[in-house]
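Report on one structure; see the data block that follows.
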Amino acid sequence: MERSRIAVAGASGLIGSALVRSLTADGHEVVRLVRRAPRDADEVRWDPERGDVDAAGLAGCDAVVNLAGAGVGDRRWTPDYKRVMRDSRVLGTAALAEAVAALPRPPRVFVNGSAIGFYGDTGDRVVDEEAPPGDGFLAGLCVEWEEAAAPAEEAGVRTVFARTGLVVAGGGGAWGKLFPLFRAGLGGRLGDGRQYWSYIALHDEVAALRHLIDHDGLFGPFNLTAPQPLTNGEITAAMGRVLRRPTVFAVPAPVLRAALGEMAGDVLGSQRVVPRRLLESGFRFAFPGIDEAIRAAL
């Protein structure tokens with residue numbers, strides 16, 4: 001891909017910061033959307049909850065990538081925090097999509113974050129991008145999140161929804177919280193361990209996002225997950241194997257529900273999601289297996 005100008009919202013997050021590093025290393029010009037007064041020439045001010053975007057800063061961008069949103073696992077899901085999670089995604093996406101649509105020369109692609117939470121609890125059933133939305137708070141949030149991108153789609157901008165799974169990374173996200181426990185020998189399965197976890201190595205997440213940016217024929221939803229989802233029990237065993245630590249502890253479902261509240265339903269829920277469209281588009285995973293994904297995160 002020749003040198004491009006790419007705007008990234010959520011550039012300070014786990015995935016966003018890795019994407020910015022990758023793009024910058026390859027010589028692309030990255031514009032970072034920030035909520036404070038810009039301090040550098042590569043920063044553009046926005047206020048997602050108020051719907052304010054300095055659209056002039058997006059002028060000339062070939063792509064806009066929206067990865068912004070309050071962390072799902074950062075706090076207990078109180079009514080107030082559920083509103084924060086929703087507003088940071090839905091209002092932010094709407095603001096960006098409207099700004100993109102209003103540009104005299106819109107970008108050629110708008111990549112909007114989403115999540116496999118879209119599908120709800122799928123049990124043992126394998127689901128791909130053709131599956132309908134599921135039930136529950138996260139599924140409803142993902143539906144609203146994607147629908148908020150409508151202004152960009154209606155303006156003719158190629159719009160992609162990156163439905164990301166559990167990112168295997170040492171420095172943040174859910175896995176960033178698991179590593180210290182397993183290193184201390186305190187890791188173990190959650191509940192009965194039979195629920196499926198659809199994961200993706202951080203390296204592959206970034207590569208997939210760049211693949212979606214680069215290929216002009218790709219639009220709509222794409223599952224960003226490794227090809228073979230595994231159960232929590234299988235992943236627990238892999239963590240012990242790679243880190244060479246015992247995994248004898250288990251957290252019973254009632255304890256998780258007491259500690260996490262509503263969020264426990266998603267931790268204990270099963271999502272057997274596969275990246276059919278991503279594979280059909282020619283993408284190849286560097287770390288498709290769980291052992292290699294864990295090693296890549298160390």
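Excluded from the calculations below are hydrogen atoms, water molecules and symmetry mates; all remaining heavy atoms, backbone and side chain alike, are included. Because the structure is a prediction, the values reported are computed rather than measured.
The main-chain N or O of Gly289 is found under 3.5 Å from a side-chain atom of Glu292 such that the two form a donor-acceptor pair. Thr93 places no side-chain N or O within donor-acceptor distance of the main-chain N or O of Val90, the cut-off being under 3.5 Å. The backbone N or O of Glu146 sits nowhere less than 3.5 Å from a side-chain atom of Ser114 that would complete a donor-acceptor pair. In terms of modelled atom types and a separation under 3.5 Å, the side chain of Gln271 and the main chain of Ile116 share a donor-acceptor contact.
A 6.0 Å sphere centred on CZ of Phe219 holds no more than 12 heavy atoms belonging to other residues, nucleotides or ligands.
For Arg36, the side chain to side chain donor-acceptor pair (under 3.5 Å) criterion is met by Glu43, not counting sequence neighbours.
Taking the side chain as every heavy atom from C-beta outward, Val242 and Phe182 never approach each other to under 4.5 Å.
Taking the ring axis of Phe222 as reference, the NZ or CZ atom of Arg277 stays within 45° of it and closer than 6.0 Å to the ring centre.
With ring centers used as reference points, Phe287 lies 6.0 Å or more from Phe285.
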- Might you work through the side chain to side chain donor-acceptor pair (under 3.5 Å) test for His211 and Ser281, ending with a clear yes or no? CA-CA 9 Å; His211 179 81; Ser281 72; 2.8 Å; yes
- Query: Given the rule in the side chain to side chain donor-acceptor pair (under 3.5 Å) test, do Ser88 and Glu49 qualify, once you have shown the distances and angles that lead to the verdict?
  - Reply: CA-CA 6 Å; Ser88 64; Glu49 282 77 16; 5.0 Å; no
- Audit row: Thr247, Arg189, side chain to side chain donor-acceptor pair (under 3.5 Å) steps and yes/no: CA-CA 8 Å; Thr247 56; Arg189 73 178 189 275; over 6 Å; no
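Taking hydrophobic clusters as Ile, Leu, Val, Met, Phe, Trp and Tyr residues chained together by side-chain heavy-atom distances below 4.5 Å, Val20 shares a cluster with Leu212.
A side-chain donor from one of Asn223 and Tyr119 sits under 3.5 Å from a side-chain acceptor of the other.
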